[in-house]
Amino acid sequence: VQLQACGGGLVQAGDSLRLSCAFSGRTFSSYAMAWFRQAPGKERKFVGAITWSGDKTYYVNSVEGRFNISRDNAKNTVYLQMNSLRPEDTAVYLCAADPTLKLGPSPEYDYWGQGTLVTVSS
């Protein structure tokens with residue numbers, strides 16, 4: 001499995017940004033997908049996850065209501081829509097895949113992308 005995340009950048013507080021993660025190598029719809037983030041000098045943290053079909057999503061409290069995870073199984077892509085961004089959302093965002101849906105606080109997924117940097121200025 002290969003994962004390629006993109007869409008990061010520098011935005012201002014209150015802005016929105018959408019990240020994408022392209023999946024290849026296996027059958028995408030057989031994998032639950034998750035997003036994590038790692039702020040500078042801090043541990044990687046679970047952000048949220050989506051089921052194989054996309055019918056359910058799960059989020060950590062700090063992003064609930066602001067972030068939305070979706071997937072397009074026809075395009076082998078998972079998305080992270082981030083709204084009302086805050087400076088504390090600044091981090092490298094990573095997508096991950098696993099045949100099993102695993103939720104926080106520190107789930108270990110089988111496959112990881114390289115990450116994309118999101119910087120939110122105040």
Side-chain angles (χ1 to χ4, degrees):
V1 170
Q2 291 81 45
L3 301 171
Q4 181 73 37
C6 64
L10 173 62
V11 297
Q12 294 186 334
D15 284 352
S16 297
L17 200 61
R18 189 177 82 158
L19 307 183
S20 300
C21 175
F23 175 106
S24 62
R26 296 284 176 88
T27 302
F28 182 55
S29 58
S30 297
Y31 287 79
M33 299 296 296
W35 286 95
F36 292 75
R37 64 186 180 184
Q38 186 166 17
K42 297 190 176 181
E43 294 183 351
R44 185 179 64 206
K45 292 187 177 180
F46 175 76
V47 172
I50 188 167
T51 56
W52 310 263
S53 66
D55 62 335
K56 292 185 179 180
T57 53
Y58 304 85
Y59 305 95
V60 294
N61 289 340
S62 59
V63 307
E64 181 79 54
R66 298 190 299 123
F67 289 13
N68 182 65
I69 299 173
S70 61
R71 65 190 294 163
D72 186 337
N73 284 352
K75 295 183 178 180
N76 292 351
T77 302
V78 62
Y79 304 96
L80 178 64
Q81 176 68 43
M82 304 184 292
N83 301 320
S84 302
L85 282 162
R86 305 167 180 170
E88 55 264 38
D89 294 319
T90 294
V92 173
Y93 284 74
L94 306 100
C95 57
D98 199 292
T100 302
L101 177 68
K102 300 172 183 177
L103 303 180
S106 301
E108 287 296 330
Y109 274 62
D110 284 354
Y111 303 100
W112 296 85
Q114 87 292 352
T116 185
L117 177 62
V118 174
T119 304
V120 184
S121 64
S122 57

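Keep in mind the model is a prediction, meaning the values are calculated, not measured.
Classified by interplanar angle (parallel below 30°, tilted 30° to 60°, perpendicular above 60°), the ring pair Y31/Y111 is perpendicular. Relative orientation of the F46 and F36 rings is perpendicular, given thresholds of 30° and 60° on the angle between their planes.
Nearest heavy-atom pair, A97 versus F23, reported as atom, atom and distance to 0.1 Å: CB-CE1, 4.0 Å. In terms of heavy-atom proximity, L3 sits nearest to M33 at CD2-CE, 3.9 Å.
Side-chain contact, N68 with Y59: a donor N or O sits under 3.5 Å from an acceptor N or O.
With respect to the salt-bridge test (charged N to carboxylate O, under 4.0 angstrom), the residues E108 and R44 qualify.
In K102, the NZ atom is crowded: over 12 heavy atoms of neighbouring residues, nucleotides or ligands sit closer than 6.0 Å. At most 12 non-hydrogen atoms from other residues, nucleotides or ligands lie less than 6.0 angstrom from CG of N61.
Looking at R71, its side chain does come within 3.5 Å of a backbone N or O of T51 through a donor-acceptor pair.
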Full working for disulfide (SG to SG under 2.5 Å) between C21 and C6 = CA-CA 6 Å; C21 175; C6 64; over 6 Å; no
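W52 and L80 fall within a single hydrophobic cluster, where Ile, Leu, Val, Met, Phe, Trp and Tyr are joined by side-chain heavy atoms under 4.5 Å apart, directly or via other members. Put simply, L10 and M82 are part of two different groups of oily side chains (I, L, V, M, F, W, Y) that touch within less than 4.5 Å, one to the next.
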